[in-house]
Amino acid sequence: MDYTSQAEAAFELKRWPKHTLAASRRHSVALQSDGTVTAAGDNHYGQCDVSGWRDMVAVAAGNVHMAANTGNAHTIGLRSDGTVAAVGWDKHDQCDVSGWSDIVTVAAGWRRTVGIQSYGTVVAAGRNNEGQCNVSGWLNMVAVAAGDWHTVGLQSDGTVMIVGNNRYGQCNVSGWRNIVEASAGYLHTVGLQSNGTVAAVGLNKHGQCDVGGWSGIVAVSAGSYHTIGLKSDGTVIAAGRNEHGQCNVSGWHDIVAVAAGCAHTLGLKSDGTVVAVGDNEYGQCNVSKWRGIQLPGRSFFI
């Protein structure tokens with residue numbers, strides 16, 4: 001794989017990214033190259049019941065913090081016709097997306113689902129106790145990310161919008177510029193800048209925001225208490241809590257996409273296989289037999 005080309009592409013402003021790999025608290029999801037979806041891990045609420053999905057172009061999984069009640073998760077799939085499918089826990093109507101249309105990218109957070117429409121507006125469903133679904137006024141959005149209690153939107157000019165809980169300063173991104181990708185964790189937010197460096201705000205108790213020295217990064221993903229960065233040479237770097245080995249990625253190579261779950265990390269290799277480290281209590285890391293996973297494809301503003 002030409003990683004130089006990958007780096008150059010990532011340093012352009014990403015428009016409507018289609019994530020093909022997703023990691024939640026207790027399950028993992030991947031989009032296959034034929035448009036079907038596979039999942040591994042806990043299925044107590046049916047969040048892994050994706051075997052009947054067809055014509056999908058992206059997936060998302062509700063990612064949450066490590067607590068007794070956070071196995072209550074859902075999975076989202078974006079179809080090629082711009083409609084959205086959902087399975088799993090729906091206590092707060094986070095799966096009520098059947099009426100959505102013209103959707104170009106999706107994100108799933110704790111108890112909610114977010115989607116961008118083709119003209120840059122944003123829709124959200126689910127719990128809104130802390131204003132995390134107050135996105136109806138957002139315009140010119142090209143990407144979106146959902147953490148536990150905050151929602152992040154990337155605008156076409158490289159600035160970032162955030163709504164929701166800001167107890168630890170995870171929403172303090174008004175000064176960010178030239179952002180090409182954003183990711184939301186439990187109580188922190190990460191932004192990839194166009195020069196390949198990374199910014200982070202929010203709770204840093206476990207060093208999950210210690211990314212100031214990173215460079216040559218082409219993709220980022222925020223977990224509960226850790227942050228993952230994909231480098232232009234296909235290797236991976238990590239910061240933050242490593243209690244379950246979720247940051248043990250130094251030996252990975254030939255990686256083209258990453259996804260950080262609550263306490264596990266997924267990496268998609270250029271041959272369509274997947275590697276995983278971290279918490280595997282529910283089998284969420286049992287992905288070694290996955291084959292033919294769709295490589296990430298992106299379109300860009302010119």
Side chain to side chain, [X] and [Y], heavy atoms closer than 4.5 Å:
X	Y	result
Asp90	Tyr45	no
His74	Gln47	no
Ile237	Ile217	yes

According to a hydrophobic-cluster definition based on side-chain heavy atoms being under 4.5 Å apart (Ile, Leu, Val, Met, Phe, Trp, Tyr only), do [X] and [Y] belong together?
X	Y	value
Val287	Val29	no
Val256	Leu21	yes
Trp110	Tyr168	yes
Tyr282	Leu266	no
Val37	Leu78	no

Where the side chain of [X] meets the backbone of [Y], is there a donor-acceptor pair that is under 3.5 Å apart?
X	Y	value
Ser28	Ala40	no
Ser221	Ala260	yes
Arg112	Asp93	no
Asn140	Ser156	no
Ser183	Ala222	yes
Thr113	Gln94	yes
Asn178	Ser194	no
Thr189	Cys171	no
Asp279	His244	no

(request) Determine, stepwise, if the pair Asn280 / Asn286 fulfils side-chain contact (heavy atoms from CB on, under 4.5 Å). (result) CA-CA 8 Å; Asn280 195 34; Asn286 294 344; 3.0 Å; yes

(request) Taking salt bridge (charged side-chain N to carboxylate O under 4.0 Å, His left out) as the test, write out the residues that go with Glu130, two or more places apart. (result) none

Between atom [atom1] of [X] and atom [atom2] of [Y], what is the distance when rounded to the nearest 0.5 Å?
X	Y	atom1	atom2	answer
Arg79	Ser101	CZ	OG	12.0 Å
Asp55	Asp34	CG	CG	9.5 Å
His226	His206	NE2	NE2	12.0 Å

(message) Going by side-chain contact (heavy atoms from CB on, under 4.5 Å), Ile179 matches just one of Val190, Val173, Thr159, Val160. Which one?
(response) Val160

(message) Val144 and side-chain contact (heavy atoms from CB on, under 4.5 Å): which single residue from Val106, Thr151, Val123, Leu154 fits?
(response) Thr151

Check [X] against [Y] and note the closest heavy-atom contact, atom names and distance.
X	Y	result
Trp214	Asp210	NE1-O, 4.1 Å
Gln294	Leu268	O-CD2, 3.3 Å
Met56	Leu31	O-CD1, 3.4 Å
Trp89	Arg111	CZ3-CG, 3.7 Å

(request) Step by step, work out the side-chain contact (heavy atoms from CB on, under 4.5 Å) result for Lys269 and Val274. (result) CA-CA 6 Å; Lys269 303 190 74 171; Val274 178; over 6 Å; no

(request) Before giving the answer on side-chain hydrogen bond (donor to acceptor under 3.5 Å, both in side chains), spell out for Arg167 and Asn165 the whole-Å C-alpha distance, their side-chain angles and the decisive distance to 0.1 Å. (result) CA-CA 6 Å; Arg167 181 178 178 183; Asn165 182 285; over 6 Å; no

